[in-house]
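Below is one structure; the comments refer to it alone.
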Number of protein chains: 2
Amino acid sequence: MDQKKGTENVLLDVDFLQKLVVGIGEVSEITGVPARKIRYWEEKGIIQSEKEGEGTTRRYNYLNIKKILLIQELVEEGYTLDSAAKKVEDRMENLNEAFRKLATLATDQKDDA
Amino acid sequence: MDQKKGTENVLLDVDFLQKLVVGIGEVSEITGVPARKIRYWEEKGIIQSEKEGEGTTRRYNYLNIKKILLIQELVEEGYTLDSAAKKVEDRMENLNEAFRKLATLATDQKDDA
DNA sequence: CGTATATTGTAACTTATCTACAATATAAGT
DNA sequence: ACTTATATTGTAGATAAGTTACAATATACG
């Protein structure tokens with residue numbers, strides 16, 4: 001169990017990330033995008049968050065935050081919001097897939113134990 | 001850039017994790033440990049959280065949460081809180097180190113670009 | 001039973017976030 | 001300059017989430 005320490009940690013990180021969801025204030029700190037702007041992007045359907053129930057606050061997971069970061073990058077580069085969103089959509093597909101694969105790996109490994 | 005996609009993602013995850021901090025409610029959801037108990041453990045000095053300023057709320061990063069999970073495991077197994085804490089301390093050293101290494105890797109890779 | 005350890009309850013308060021309105025800014029077209 | 005669409009920001013009044021500081025209870029063990 002100690003021999004494969006490095007690998008184990010990385011895989012567990014991925015598993016962990018799926019559960020880690022943070023509030024909008026934290027996302028704002030992490031990304032540098034003002035909370036107000038994040039809400040606006042969400043109103044427009046550009047990005048998404050997970051709402052855990054009625055009348056609760058927005059929660060953002062790894063992929064949600066990643067998307068915000070990518071859009072922010074493109075917008076700063078000169079893209080319009082809509083075209084940035086469209087472009088990021090493609091990149092996200094790759095990320096989503098990679099993420100799924102890693103998560104599966106992590107799960108499989110857990111099942112072994 | 002696309003060839004090393006898998007690796008890149010994992011490394012970025014690690015970098016990301018350092019910034020990701022969640023509130024006590026979220027930690028409670030993730031770990032299954034009641035918020036009240038988490039505060040109690042913290043009062044006792046068993047675990048730690050990051051307070052970002054005076055009069056702000058507790059924030060927990062990956063390592064903080066991991067520690068809670070490990071202690072919870074041992075306590076459920078029958079350990080007293082104190083001995084569980086002591087035992088987890090050792091495991092955390094390994095994790096801290098692994099984490100530092102991965103973070104360094106991520107940073108180095110970024111510097112290349 | 002007594003004592004140490006561990007957990008839980010809650011009132012009163014602060015911080016974080018929400019919605020729903022409106023205002024302003026910026027860019028592009030005519 | 002005026003118009004229109006796009007993008008961002010401001011804020012009041014609300015609810016949700018988290019805080020401290022008190023106390024109560026539970027559980028284990030000599």
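Naming: A, B, ... by sequence-line order, numbering from 1 per chain.
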- Message: Any salt bridge linking A:Glu97 with A:Lys101? Criterion: basic side-chain nitrogen under 4.0 Å from a carboxylate oxygen.
- Response: yes
- Specify the separation, in whole Å, of atom CD of B:Glu42 and atom C1' of D:dT20. 13 Å
- Report the nucleotide, chosen from D:dA17, D:dT19, D:dT8, that has the shortest atom-to-atom distance to any side-chain atom of B:Thr57. D:dT19
- Item | Atom-to-atom span, CD of B:Glu43 to P of D:dT20 - whole angstrom | 8 Å
- To the nearest angstrom, the CD1-P distance between A:Ile38 and C:dA16 comes to 15 Å
- Task: Confirm from the modelled atom types if B:Arg36 and C:dT8 form a donor-acceptor pair under 3.5 Å, side chain to base only.
- Result: yes
- Looking at A:Trp41, does any N or O in its side chain come under 4.0 Å of the phosphate oxygens OP1/OP2 on D:dT8? yes
- Measure the spacing between CG of A:Asn61 and CZ of A:Phe99 and express it to the nearest 0.5 Å. 7.0 Å
- Task: Looking at every strand, decide which applies to A:Arg39 at a 4.0 Å heavy-atom threshold: base, sugar-phosphate, or nothing.
- Result: base
- Measure from CD on A:Glu50 to C1' on C:dC18 and round the result to the nearest Å. 18 Å
- To the nearest Å, give me how far apart CD (A:Glu76) and P (D:dT8) are. 11 Å
- Query: Any ion pair linking A:Glu26 and B:Lys19 (charged N to carboxylate O, less than 4.0 Å)?
  - Reply: no
- Query: What residues form a side chain to side chain contact (heavy atoms under 4.5 Å, CB included) with B:Ala84, not counting sequence neighbours?
  - Reply: B:Ile71, B:Leu74, B:Val75, B:Tyr79
- Check the distance between D:dT6's P and A:Lys44's NZ and give it to me in whole angstrom. 7 Å
- Can you tell me the distance, in whole Å, between the CD1 atom of A:Ile24 and the P atom of D:dA17? 14 Å
- Message: I want to verify a distance call: between D:dA7, C:dT8, D:dT9, whose nearest atom is closest to the B:Pro34 side chain?
- Response: C:dT8
- Inter-residue atom distance A:Met92.CE - A:Ile47.CD1, 0.5 Å rounding: 11.0 Å
- Closest-nucleotide 5' rank along DNA chain C - winner of B:Val75 and A:Lys51: B:Val75
- Message: If you assign each of A:Glu52 and A:Asp82 to its closest nucleotide in DNA chain D, which residue comes earlier from the 5' end?
- Response: A:Asp82
- Tell me: NZ of A:Lys37 to P of D:dT9, nearest whole Å? 5 Å
